[in-house]
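Take a look at the structure set out below.
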Amino acid sequence: MSDEIENIILPKTLEEFTETDSLSDALKDPKFLAKVPLLNYTPLHKLKNHALVRFRGMIQDMVDPEIYLEKYEVKSDNGDTRLQCGKFRDTLVMKNGENVNFESNANVHGERRTLFVVSIPGLNEWAQTYETDCNKQNLENAANAKSSENATSKKRAFTDEGLLMETEDIPSTGTNDKTVNGTSKRQCLESETIANTESKSSLIGVQYMLNSPIPERPSLACMVKIYNDLEDYILDTVIDAVGFLSVDPSLDGTAMDTDECQYISATELHAQNPPPSIIPRLHAIVVHRLRHCNPLLDERILALKPHPIVDAVNAFKDLHRMLTLCLFNDSLAADYLISHLISTVYNRSEGESIGKFSLNIYNFPQKDLSTYTDKLYKILELLLPASHYLPMTLDNINNSTFVPKKDYETNKLVSGLLQLAPHTHLVLDETHMQQGQLNSQGVLAMQNIVHLVKNQEIQCDFQYYNMKYLADVPVLVFSEGKTMIPMHFRIPINTDNNTAEIIMETLKAAHHYLQPDRLDQFRRFITEAKLCEFSMDPENMEMIQTDYVQMRKDKIINSSDELHSLLTLSRLLAIARGKKVLDKESWELAKEMEHKRRERIKELPKFKPKV
């Protein structure tokens, strides 16, 4: 990091920022960016309005662009005029006795767009804990460094709680900052707003406002206002936005006068302007698009806390050995499961999502089956940054919302269970399924799950039509017999009585085996395998084409889809073993594994599903 970036002072006011153009470049530097508090883990009441903050999350919805006053003329009662910057603000700035001259030729209109961002759905507890600890530590380090350099300065500093605060009062400049009897009107309004949140938001429930894709695991939400590249953002992208916090109580739609709104209903007004004490606004200076959500590989954290390079070969061997034991000593099933864990959609061509790897593991021993699958997921949960476990009960299928749906009354895209961030693993457990009938909503739910598995797309319901959005959500299904969902790979478990009797003790032993250092190694290995650069050797491609022709003649492969699946498997097997190029060894291993898997399936009796 350059000396210029190191010497930049965090802005104290928005006016100070507009004169500090170099801050935008500085906020692209991971080490400098780590000084900015993460709103996800900072209580709102600890932050001041217009504080510089970050928010990390997934774009759940996007609002149409809006026109605002980027610069405007303010005229006082004595006739004096001045130009006021309106960028990065939600309210007009005026002192006592001033008014905005809306007819001035000096006024400049700008365009911005609001992204409704929710904290990453399904982010597992270990990832949240790691982010919280690193955020606190980074801010404490920044505070200590700042206090040592500016012991007597009145400039902005970090408090002991690791929050960006002001060390002295600043003269008020906004209409909502005017003082009344020596006390801040804003402070009174904020206290009143927080105290009356429940009554004010009675028209729209808090859960509806937060719009969490997984209702039982509610996300935080933030309305991120962007000023550049307005059309370059797409749904479900994971971003890290840096900008100025806006929590003015006057932004609460339930406090607005609906009689003055001619082109919007009261319901939509309230929905589009939730209480900032629940959903704050963030005016973005810089927006980073994130390739993954693993905090162990977050460059903002690594800039201050580097980690050792992962030995992929040893990490794979250790992980394979552990998962083999957890899968009733089934080495073949462990190979397929690891391939699933490191899979990702790495390319899209002519409507085909290349790299998808859905997996169905079935034929488990019947003893304590649902307890076993639940405990197996608990181990996977420790390895993956983001995942969600859904027992496929009739109630869940028939009554849950699986895809986003447009609510035209509030002009919101109401989220669904399948609206997940890239690399979030969805685990469907059919061992909980009972005898019964799917209703019309349940049938539609299953159709949407099938579409996600086959195409890695989610179909958003816009009432009159469906809108498809790209997804990268690996799906894993546990079931007694072969699942009804068409999967890319199905692997029946091969077990014996001895391993079945001690499986619960084996799972307990696995938890003891997963000590912090080993866990971190596995977590990095899985994410790095997803993101690694991989290529195909032209000579080996000729070998594969020759094999494909022969396999078609021998009726081992019957379609190009089966070839794509075999290529995907061989690619993942090579990556898992630390290779960067598809070689003959990985291709032959994939062919051998597929032969064994098909032979297992042939040997199993037919299974009748419960539904």
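Numbers for residues simply follow the sequence, beginning at 1.
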Residue that, paired with Pro404, satisfies side-chain contact (heavy atoms from CB on, under 4.5 Å) out of Leu235, Val414, Ile458: Ile458

Output, in order, the C-alpha distance, side-chain angles, deciding distance and verdict of side chain to side chain contact (heavy atoms under 4.5 Å, CB included) for Asp90 and His283. CA-CA 9 Å; Asp90 287 301; His283 292 265; 2.9 Å; yes

Do any side-chain atoms of residues 109-119 form donor-acceptor pairs under 3.5 angstrom with protein atoms, and if so which ones, sequence neighbours left out?
| unit_1 | atom_1 | unit_2 | atom_2 | d |
| --- | --- | --- | --- | --- |
| Arg112 | NH1 | Arg89 | O | 3.0 |
| Arg112 | NH1 | Tyr227 | OH | 3.0 |
| Arg112 | NH2 | Arg89 | O | 3.4 |
| Arg113 | NE | Val63 | O | 2.8 |
| Arg113 | NH1 | Leu230 | O | 3.2 |
| Arg113 | NH1 | Glu231 | OE1 | 3.4 |
| Ser119 | OG | Leu220 | N | 2.8 |

Quick one: are Pro274 and Met223 in side-chain contact, heavy atoms under 4.5 Å? yes

With heavy-atom distances below 4.5 Å as the criterion, would you say the side chains of Leu519 and Trp126 are in contact? no

What are the two closest non-hydrogen atoms of Leu413 and Asn211, and how far apart are they? O-ND2, 2.9 Å

Side chains of residues 65-74: which donor-acceptor partners sit under 3.5 Å, not counting sequence neighbours?
| unit_1 | atom_1 | unit_2 | atom_2 | d |
| --- | --- | --- | --- | --- |
| Tyr72 | OH | Val93 | N | 2.7 |
| Glu73 | OE1 | Ser104 | OG | 3.1 |
| Glu73 | OE2 | Asn101 | ND2 | 2.8 |

To the nearest 0.5 Å, tell me how far Thr410 OG1 sits from Met209 CE. 12.0 Å

Heavy-atom count check: over 12 atoms from other residues, nucleotides or ligands less than 6.0 Å from Arg289 CZ? yes

Closest approach of Val247 to Pro280 (non-hydrogen atoms, all atoms of both residues): CG1-CB, 3.9 Å

Side-chain contact, heavy-atom cut-off 4.5 Å: Asn99 with Lys75? no

Rounded to the nearest 0.5 Å, how far does CG of Leu38 lie from NZ of Lys136? 14.5 Å

Donor-acceptor contact below 3.5 Å, side chain Gln272 vs main chain Asn411: yes

Kindly give the heavy-atom pair with the smallest separation between Ser219 and Ser212, and that separation in Å. N-OG, 2.8 Å

Shortest non-hydrogen contact from Arg217 toward Leu123: NH2-O, 3.4 Å

How far apart are the C-alpha atoms of Asp520 and Arg523, what are their side-chain angles, what is the distance that settles it, and do they pass the salt bridge (Lys or Arg N to Asp or Glu O under 4.0 Å) test? CA-CA 5 Å; Asp520 286 352; Arg523 291 162 177 169; 3.3 Å; yes

Distance from Leu384 atom CG to Asn124 atom CG, nearest 0.5 Å? 7.0 Å

With side chains defined as the heavy atoms from C-beta onward, is the minimum distance between Tyr208 and Asp407 less than 4.5 Å? yes

Can you tell me if Tyr408 has over 12 outside heavy atoms packed within less than 6.0 Å of its OH? yes

Might you work through the side chain to side chain contact (heavy atoms under 4.5 Å, CB included) test for Leu470 and Glu457, ending with a clear yes or no? CA-CA 5 Å; Leu470 301 180; Glu457 295 176 338; 4.2 Å; yes

Can you check whether Val345's main-chain N or O pairs, donor with acceptor, with Asp472's side chain at less than 3.5 Å? yes

Indicate the atoms forming the closest heavy-atom contact of Pro275 with Arg281, along with that distance. C-NH1, 4.0 Å

Near Gln463 CD, under 6.0 Å, is it more than 12 heavy atoms from other residues, nucleotides or ligands? yes

Within this structure, what is the CG-NZ distance for the pair Leu297 and Lys530, rounded to the nearest 0.5 Å? 12.5 Å

Say whether Gln441 and Asn399, considering side chains only, have a donor N or O and an acceptor N or O under 3.5 Å apart. no

Should the pair Tyr469 and Phe462 be assigned to parallel (<30°), tilted (30 to 60°) or perpendicular (>60°) ring geometry? tilted

For Gln459 and Val403, which heavy atoms make the closest approach, and how far apart are they? O-CB, 3.4 Å

Hey, could you give me the CG/OH distance between Leu531 and Tyr346, rounded to the nearest 0.5 Å? 14.5 Å

Heavy-atom count check: over 12 atoms from other residues, nucleotides or ligands less than 6.0 Å from Asn347 CG? yes

Does the side chain of Gln84 come within less than 4.5 Å of Lys95's, by heavy atoms? no

Determine whether Arg348 and Gln456 make a side-chain contact, defined as any pair of heavy atoms from C-beta on separated by less than 4.5 Å. yes

Could you check Asp240 against Arg54 for salt bridge (Lys or Arg N to Asp or Glu O under 4.0 Å), going step by step and ending with a plain yes or no? CA-CA 7 Å; Asp240 192 329; Arg54 289 191 294 138; 2.8 Å; yes

If you define the side chain from C-beta out and look only at heavy atoms, does anything of Pro215 sit under 4.5 Å from Leu417? yes

Would you check, one step at a time, whether the test side chain to side chain contact (heavy atoms under 4.5 Å, CB included) holds for Val242 with Leu33? CA-CA 8 Å; Val242 192; Leu33 189 63; 3.4 Å; yes

Residues Tyr130, Asp298; criterion side chain to side chain contact (heavy atoms under 4.5 Å, CB included); working and verdict: CA-CA 11 Å; Tyr130 190 89; Asp298 188 333; over 6 Å; no

Hey, what do you get for NZ (Lys48) to NZ (Lys46), rounding to the nearest 0.5 Å? 13.0 Å

Output yes when a side-chain donor or acceptor of Asp236 lies under 3.5 Å from a complementary backbone atom of Ala471, and no otherwise. no

Does any part of the side chain of Phe244, heavy atoms only, come nearer than 4.5 Å to the side chain of Leu282, both counted from C-beta? no

